[in-house]
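See structure below.
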Amino acid sequence: METVTVRSSQWDRVTELTKLAQERNTDPLVWAMELSSSLNSAGISMPSTDVAELLVSHICWSNNVPNAWKLLEKALVFRIVPPLFVLALLSTRVIPARRSYPMAYRLYMELLKRYAFSLPSLINGPNYQKIMESINDTLHLSQIFELQGSESGMHVIEYVFAVVCQLLDASLDDEGLLELTAEKKSRWPVATQEMEISNRDGFAGKRVEHREGLCRMNTVQAIEIIGELFGDKLTSMILYLARRNMPTHWDSFMQHLHLLVSNSSALRNSKKISPEALVLLISKNRGVLSRECKTSSRKFLHAVMASGSFALSASRCDDASTSVLWLPIDLFLEDTMDGSKVAATSAADTLTGLVKALRAVNCTSWKNTFFGLWISALRLVNRERDPSEGPVPRLDTCLCLLLSITPLAITNIIKEEENDSSTSDQRTEATGKHRQALVSSLQQLHDYEGLLTPPLPAIPLANQAALKAMMFLSGISGGSEYFDGLRLNDMPVNCAGSLWHLIVEACIARNILDTSAYLWPGYVKGQCNQVPRNMSAPSPSWSSLMKGSPLTPPMVSVLVSTPASSLAEIEKIYEIAVNGPAEDKISAAAILCGASLARGWNIQEHTVLFITRLLSPSVPSDYSGSDSHLISYAPFLNVLIVGISSVDCIQILSLHGLVPQLVGALMPICEAFGSCPPNVSWTLMSEEITSHAVFSNAFTLLLTLWRFDQPPLEHVTRDVPVGSHLTPEYLLLVRNSQLAFSEDLLKDQSKSKQLSRVLSQLPREPIFMDSFPKLKCWYRQHQACIASPLSGLVPGTPVHQIVEALLNFMFRKINSAGQSLIPPTSSGSNSSGSGNEEISPHLKLPAWDILEAVPFVLNAALTACAHGTLSPRELATGLKHLADFLPASLATITSYFSAEVTRGIWKPASMNGTDWPSPAANLATVEQQVKKILADTGVDVPSLSVGGSSPAILPLPLAVLVSLTITYKLDRDTDRFLNLMGAAVSNLATSCPWPCMPVMAALWAQKVRRWSDFLVFSASRTVFHHSSDAVVQLLRVCFTATLGLGRSSIESNGGVGSLLGHGFGSHFSGGISAVAPGILYLRVHRAVRNVMFMSEEIVSLLMHFVRDIADSGVPAKDLEKLKKTRGDIRSLSSQKTDIGFPASCHVSLAAAMVRVKLAASLGASLVWITGGLSLVQSLLKETLPSWFISAHRSEPNGGVSEGMVARLRGYALAYLAVLCGTFCWGVDSSSPTSKWRPSMLGAHLDFLASALDGKISLGCNKATWRAYVSGFVSLIVGCTPSWLLEVDLQVLKRLSKGLKRCDEEVLALALLEASGVGAMGTAAEMIIEGSLNFAR
């Protein structure tokens, strides 16, 4: 209480001193000194906010006289009062009264011009935090700007922004424009308040016009001060922070500003600034990275980044500089051609994220981005133009990627931009820009005719697309009806279509392009009058269907072989499949799975969705049976299942992201038909099918979808936890997660993508393995057989009886001789005899019961063969009988024998041509061809010769499987079963010791000669499975070829052409030749046993090739100049170039950096494709930190500056890390994997901050470390700034401080600028501290 009294008397003393000084006209200097002494004696800290309030209250408005203002000014000079707080107090009093007291407003603005720019003295002075808190309380900044937090730096930003807002709104109000704003008023107290003027401003008795003139001058000056605040280096940077972190308030400010610029007479009357100049000044208000800075590493990185992007614009589509940008797309598309992986998400969504990532990192326009995407997709099709035959996806999958997946990815991007726009005008502008970019990219494709020649199967559809444009220009209508009556002889001579026409039609079908494309130069080559007007008599067709024609057999045949041309046509078929008569439903199912699925690219995403929905038919309203309602749909479901079981169809479904949904649809079918005895049959297309047939087809497709062909060995030898993707539980988890994720996306329309739109039309209920007890039981038995030898067959049980029945059925001749294949210890009765009549009922059982007994049958048969009771031929024949009886048993056969191979307890089989088939006839040829394929890799191929007359050997179970597979004929009815088993046997042989796979390839090549090339290629991949050194050598060759550092003429060109060549098939025209290293790697990386070591090898190779790039990329005449750069790179700042290197070295250094970026792009692509999320996490969390911490031996000097090589290595690692992150997580939050980004990125940034703090000792070159940190942070800030909003703020502040200590002040500030609202206060203080030396 006593303290309060003392303080009160002190404030009274201040007031008394001020009044006396004013009355006596005391010199303000004397008054200030006396006041300062008095405050010091009282122990009051200065500058004092309390004194400021007293002085401002004294003036406003009872003492608004010149002497009082002079006293206030002197108090400011002596820092008795805080200037900004005084200005804040005055603004609340003077601005509303500016028309009544124009001179006071003028004096306020003079003080504002003097002190608003002296922010450094504020934050470096005493009472900084208290002053800013007082300003916040006075102006209510936190409430008005709706910001949380009490940081003083944040209040500085709020105050500076508040000043320009106050001046702007006051100026609008002065000219009567404030009412034209959207809010009709200001949030600041700027509205003029007329007061009684009693000679306070000296206007009593003077002309009112004088006062009005002064008011007009004040308005002009207020606008000029706004310009000065944006023109000043310091305050403009403060205002940029407001612009970046307070978008709503900034948008309002800009609306008010444009209103002022358009209508203000005061602005037009200003002699210091014009409307155009003011707009330009504010529009140029950008962050610190838009300004030049003195930090050499930033200048260097900026220059080489710019040079790399610039090189693209003038380059051809196949040269190295273009590959810097689009190489990852080529690799991704080529990798999707491998049918051995399960895609958990749509390829269109993955491609969307990849394209956005590359555009962000490479800072390219959308036109160049779309063009690069089209070129990559066209290159893929051209590589597969002449594919070799084999059980792998080929041309239909390629064309799906070009004409369905790629347009869908672009559609995603355009729709996202539309949804992200907040207003209709912004949405229209964003849509227009993206669509125009698409148009420009498609028009540019016309210049690349060499890539646009359609493959042979696509020529009729390409010609039809070209004719459609001719019809449009000639005014002919009729749509598909016209084509239906048009015969080949009726086609115009000049109506040759290309892939360009198919691409345009694919875009038009998805509403991202309109028919104005038909008017493009060169799009229509023929004359419109060449289009025939008289058509041949119409035949059964899609148009006749749409007119109501019934589905007759001729009609069905045509529709199966001709893809639908519109969504309406495919919807018509879907309606028939749902609601039509039984026969028409089956016909509709066949049509959906025909050409419309494989080559109906314009509507393919709808076709696969309709098929998936049809596999889960609803329960009929009148259904009352005890069995599953699915049984009554047997013929219909069978047609659908068989129709989508081809290799290309499965891959197309996978590309559209529907494998998890298909698995969810097939499991109930398998459960139902596998539980049904085969005593009910159905007639389908004059053939009889049973429940066993439907079950076998569905079960085989189910196993194919979850890549059952992966050998058991993979579960125990592959270090990365990828085994989960081989389980049905995993696919169900993905299915359920997709449904949940799609619901979230649909709630947030701004993120809705193709997959979410598809999933919204499918069953929404989650399903689990427990819902299918029979399937779960089989799967558990399957896992048990893999884990340990078979046991548990109890005599007399139903399973034992089925085992006996199956053995009698399979081995009739042996049984007739009285031999038993079941060991006595487990047999309760003799299996011999002629009791076929008694055995037959045991086989008329549900498929699940038979499958339960099959492993025991196989165990008995294999044991008998090993002991000589069964001959190999008899064993293969018996297994073929079993597979023919129940094709689904092939899965168990494959699983059992694969597991037995891994146990290694069976005597090898001698492939001598007597007991077992012999590969001797062409084994030597296979060896020569394998060596030719691997000729350019430098990998040694082990010899296939076995020496002397000894025949080749295989593990007994593998020999049995190979013998079984070669008993099959390749035909449409059995290829789905053979594809499942063949892939599994191939993978198993690959994992077995050399030369098992070449032996198998030689045997199969004798059986199916047209598969010979594919089989030899498969054998060549085995070399890499058995040797990690061979994999590393292959990686080395990939880098060499891509960078153009090889000796051969092909390798010396570099880029995509050298890495991926001209496709798999091209290597076999005229005989087998070397396969491109990229193709080889993309086909072998899934067989690498230890995936986690790959990131270490890729980093090591990247570092090696950076030196090679530096050695080969700098001319000899520049080496001496570059040697002078050794040591501290900042010593070069005196050179007259913008990056600190000698001018003659600029081009060479930029060219080297382009190749460094290419190497990093290749490395990042390989890391991402090889190991996905797990390997990227390992790279950032383990590999890179370990590399930086470890010491590295010095390398021999090749003549190039070690400092330059070290920095190039740092930048290469930075690009590698950022590209891996963007590929894996995406640049935004639309990808499901983006949820891992905050923790991974935060941990890595924490490592950087800790190392900069000195908490972690580094062993690498310091220049490499600094280049990495500056490059990594620069790329994040410049390309993916939204990532920083997910990272812990304290980590970012620590990192910023570390950067500042390393003379990277600009980058430190840029980091804070991009780190969101929470960091902008710290950023403001860093700006104001004055230690930064920015240049305008």
Side-chain angles (χ1 to χ4, degrees), residues 84 119 123 132-133 135-136 139-166 168 187-188 226 229-230 232-257 282-291 420-422 426 1227-1229 1238 1241-1242 1245 1273-1274 1276-1297 1299 1305-1329 1332 1334:
L84 289 195
L119 296 175
I123 68 168
M132 294 315 303
E133 195 60 45
I135 292 175
N136 178 54
L139 298 179
H140 310 292
L141 297 175
S142 297
Q143 293 88 335
I144 291 177
F145 290 119
E146 303 171 320
L147 295 179
Q148 302 295 323
S150 58
E151 288 189 10
S152 300
M154 186 180 296
H155 293 327
V156 171
I157 300 170
E158 293 171 328
Y159 172 70
V160 175
F161 190 29
V163 168
V164 295
C165 290
Q166 287 174 325
L168 176 60
R187 63 172 59 90
W188 307 100
I226 294 175
L229 287 168
F230 277 99
D232 180 75
K233 172 188 60 179
L234 205 60
T235 53
S236 66
M237 295 176 69
I238 297 293
L239 288 168
Y240 171 76
L241 294 174
R243 174 181 188 163
R244 180 161 189 153
N245 295 289
M246 301 156 65
T248 303
H249 297 281
W250 186 267
D251 289 344
S252 176
F253 167 76
M254 291 302 297
Q255 292 171 8
H256 289 201
L257 178 71
I282 297 177
S283 65
K284 290 172 63 177
N285 177 235
R286 292 290 185 267
V288 66
L289 286 186
S290 65
R291 308 166 184 267
D420 287 343
S421 302
S422 56
Q426 291 177 338
V1227 295
D1228 50 33
S1229 299
L1241 180 62
L1245 291 178
V1273 176
S1274 296
I1276 297 294
V1277 170
C1279 305
T1280 58
S1282 61
W1283 288 7
L1284 297 173
L1285 303 179
E1286 304 168 347
V1287 179
D1288 181 69
L1289 188 58
Q1290 296 307 314
V1291 171
L1292 297 176
K1293 289 182 178 180
R1294 286 174 49 219
L1295 180 57
S1296 178
K1297 291 178 181 178
L1299 289 169
E1305 297 95 337
V1306 173
L1307 190 54
L1309 178 56
L1311 176 65
L1312 293 175
E1313 285 181 346
S1315 298
V1317 176
M1320 70 176 184
T1322 306
E1325 291 174 347
M1326 183 178 290
I1327 293 171
I1328 298 168
E1329 281 176 353
L1332 297 179
F1334 299 103

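Reckoned from all heavy atoms, side chains included, excluding hydrogens, waters and symmetry mates. Here the structure is a predicted model, which means the values were calculated and not measured.
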Rounded at 0.5 Å granularity, tell me how far [atom1] in [X] sits from [atom2] in [Y].
{"X": "Ile157", "Y": "Met1320", "atom1": "CD1", "atom2": "CE", "answer": "4.5 Å"}
{"X": "Leu1241", "Y": "Leu1245", "atom1": "CG", "atom2": "CG", "answer": "4.5 Å"}
{"X": "Leu239", "Y": "Leu229", "atom1": "CG", "atom2": "CG", "answer": "6.5 Å"}
{"X": "Met154", "Y": "Glu1325", "atom1": "CE", "atom2": "CD", "answer": "10.0 Å"}
{"X": "Ile238", "Y": "Ile1327", "atom1": "CD1", "atom2": "CD1", "answer": "4.5 Å"}
{"X": "Ser1296", "Y": "Leu1289", "atom1": "OG", "atom2": "CG", "answer": "10.5 Å"}

Gln143 atom CD, over 12 foreign heavy atoms within 6.0 Å: yes
Restricting to non-hydrogen atoms, name the atom on [X] and the atom on [Y] that form the minimum distance, rounded to 0.1 Å.
{"X": "Leu1312", "Y": "Ala1323", "result": "CB-CB, 3.6 Å"}
{"X": "Ile1328", "Y": "Leu234", "result": "CA-CD1, 4.1 Å"}
{"X": "Leu241", "Y": "Ala1324", "result": "CD1-N, 3.7 Å"}
{"X": "Pro1281", "Y": "Arg244", "result": "CB-NH2, 3.3 Å"}
{"X": "Trp250", "Y": "Ala242", "result": "CE3-C, 4.4 Å"}
{"X": "Glu151", "Y": "Gly1318", "result": "OE2-O, 3.7 Å"}

Beyond-backbone contact of Val1227 with Ser1282, side-chain heavy atoms, under 4.5 angstrom: no
Verdict with reasoning, Leu84 to Leu119, per side-chain contact (heavy atoms from CB on, under 4.5 Å): CA-CA 9 Å; Leu84 289 195; Leu119 296 175; 3.6 Å; yes
Parallel, tilted or perpendicular: rings of Phe145 and His249 (30°, 60°): perpendicular
Verdict with reasoning, Trp188 to Ile144, per side-chain contact (heavy atoms from CB on, under 4.5 Å): CA-CA 9 Å; Trp188 307 100; Ile144 291 177; 3.4 Å; yes
Check: Ser142 main-chain N/O paired with Asn136 side-chain donor or acceptor under 3.5 Å: yes
Worked verdict on Val1317 versus Gln148 for side-chain contact (heavy atoms from CB on, under 4.5 Å): CA-CA 9 Å; Val1317 176; Gln148 302 295 323; over 6 Å; no
Chi angles and distances behind the side-chain contact (heavy atoms from CB on, under 4.5 Å) call for Leu139, Gln166: CA-CA 11 Å; Leu139 298 179; Gln166 287 174 325; 4.1 Å; yes
Cationic N near anionic O, under 4.0 Å, Arg187 to Glu146: no
